[in-house]
Amino acid sequence: MKPDRPSGQQIKNWRKLRQKKYRRDLGLFLAEGERCVEQILHNRRIAVEAVLRSGSSGWTPDHAACPFYELDERDFQAVADTKNPQGVAAVCRIPPDISVDRMKTGKGLMIAVDGIRDPGNLGTMIRTAVWFGAGGLLCGNGSVDPYHPKVVRSTAGATGALPVAGGELHPMLSLLEEQGWQVFLLQDGEESAVLEEAGKTDRVILVVGNEANGVNQALFTGNRKRVCIRGQSETVESLNAAVALSIALYEMRRV
């Protein structure tokens, strides 16, 4: 498959995808790295507008029913978000958010993020949630954009495999609770039940809070359960947010 040369306007638009404003205006995001791009193409969960490679890359997509472009090194570096890019990227269409109304009638396990700021953490959470079969992500206001380039890289190609609903977290949780969903707030403390002993229903939402401050206290209302992971908390202050979610998802699948 022989690549084409992009126009100056295309390169200009792709460069803007580092910024959230332009990602939302254009409805596009950038996925970087050979394995990430290949997984997205394989999954076919999201629309791929263009596949890109640098002039020094000999990579060619195995299957891509979309335009394929080659950029010179300087232009690829300008488009890429990484300091030392691999020379492979894809321009993808941001899928529409799923409404909470569409999520509420389902069953199983969902995750919610409250003020997660680190893109690497959110990307790892999405990747892990997909691995454990979570049915959706509630992305509360104040969390990093799930289509931030580093988030997308950290999902290792899982971007698009998890339905996302964004907005103010408390009303979204309340609406789901009305349909029988049980909310577990992952927060260490004396009042927290150990996760594997907390019990669960067939509709559970696991909430993970901000890396520094944990879950917002305004979310501790009604019948929501405060849960924690058993460990040596007197020695270590806390777990990394993505690590905590990974352990919690594993425990939830065992219960």
Side-chain angles (χ1 to χ4, degrees), residues 20 97-126 128-130 132 134-146 148 151 162-231 233 236-253 255:
K20 181 178 180 178
D97 275 5
I98 303 297
S99 71
V100 178
D101 276 336
R102 287 183 59 186
M103 289 183 169
K104 68 183 182 182
T105 56
K107 292 185 179 180
L109 179 64
M110 287 197 286
I111 65 169
V113 292
D114 174 37
I116 294 297
R117 302 291 179 84
D118 183 273
N121 274 341
L122 183 57
T124 301
M125 289 175 180
I126 293 171
T128 306
V130 171
F132 283 106
L137 165 67
L138 305 178
C139 193
N141 293 340
S143 292
V144 65
D145 178 14
H148 183 290
V151 175
L162 193 66
V164 177
E168 195 66 38
L169 201 51
H170 177 66
M172 289 196 292
L173 293 175
S174 296
L175 181 59
L176 290 164
E177 285 173 309
E178 292 173 3
Q179 298 298 316
W181 287 84
Q182 172 68 63
V183 176
F184 284 177
L185 304 160
L186 194 57
Q187 184 86 353
D188 196 18
E190 294 181 0
E191 299 176 2
S192 300
V194 177
L195 183 60
E196 61 265 35
E197 299 173 359
K200 72 168 189 174
T201 70
D202 60 358
R203 293 177 174 179
V204 174
I205 304 167
L206 192 57
V207 182
V208 185
N210 175 265
E211 293 90 343
N213 303 312
V215 178
N216 190 317
Q217 289 301 308
L219 296 179
F220 289 87
T221 62
N223 295 319
R224 296 171 187 173
K225 292 186 179 181
R226 178 173 177 152
V227 298
C228 66
I229 297 168
R230 193 192 304 274
S233 56
V236 178
E237 181 183 7
S238 65
L239 289 171
N240 167 272
V243 171
L245 176 65
S246 300
I247 296 170
L249 287 171
Y250 174 74
E251 290 290 351
M252 292 299 294
R253 285 303 180 198
V255 176

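Since the model is a prediction, treat every value here as computed from it, not as a measurement. No hydrogens, no waters, no symmetry mates; every other heavy atom, side chains included, goes into these values.
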With a 3.5 Å distance limit and no angle check, can you tell me whether Arg203 reaches the backbone of Gly106 through a side-chain donor-acceptor pair? yes
Nearest 0.5 angstrom please: His170 NE2 to Asn141 CG, how far? 13.5 Å
To the closest 0.5 Å, what do you measure between NZ (Lys104) and CE (Met110)? 11.5 Å
What is the minimum heavy-atom distance between Ala241 and Ile116, and which atoms define it? CB-CD1, 4.1 Å
Nearest-0.5 Å distance, CD1 of residue Ile111 to CG of residue Leu138: 8.5 Å
Any side-chain heavy atom of Asn121 within less than 4.5 Å of one from Val208? no
Of the non-hydrogen atoms in Asp114 and Gly214, which two are nearest, and what is the gap between them? OD2-O, 4.2 Å
Residues which pass side chain to side chain contact (heavy atoms under 4.5 Å, CB included) with Pro163, listed by chain and number, not counting sequence neighbours: Ile98, Met103
Please find the pair of heavy atoms, one from Ala129 and one from Leu162, that lie closest to each other, and give the distance. CB-CD2, 4.0 Å
Might you work through the side chain to side chain contact (heavy atoms under 4.5 Å, CB included) test for Leu219 and Val183, ending with a clear yes or no? CA-CA 10 Å; Leu219 296 179; Val183 176; over 6 Å; no
Could you tell me which non-hydrogen atom of Asp145 sits nearest to which non-hydrogen atom of Lys20, and how far apart they are? OD2-CG, 3.7 Å
Is Glu251 reaching over with its side chain to a backbone N or O of Leu195, donor-acceptor style, under 3.5 angstrom? no
Measuring from atom CG of Leu186 to atom CG of Leu239, what distance do you get when rounded to the nearest 0.5 angstrom? 8.5 Å
Charged N to carboxylate O below 4.0 Å: is that the case for Arg230 and Glu196? yes
Compare every heavy atom of Gln187 with every heavy atom of Gln217, then report the nearest pair and how far apart it is. NE2-NE2, 4.4 Å
Do Leu175 and Met172 come close enough that some side-chain heavy atom pair is under 4.5 Å? no
How many angstroms lie between CZ in Arg226 and CG in Asp188, if you round to the nearest 0.5 Å? 8.0 Å
Under the side chain to side chain contact (heavy atoms under 4.5 Å, CB included) criterion, do Met125 and Val113 qualify, and how do the steps go? CA-CA 9 Å; Met125 289 175 180; Val113 292; 3.8 Å; yes
So, Arg224 and Glu177, do they make that salt bridge, N to O below 4.0 Å? yes
Under 3.5 Å donor-acceptor, Lys225 side chain and Ala193 backbone: no
Nearest heavy-atom contact between Phe184 and Val227 is CB-CG2, 4.0 Å
Would you give the length of the straight line joining atom SG of Cys228 to atom CG of Leu185, rounded to the nearest 0.5 angstrom? 12.0 Å
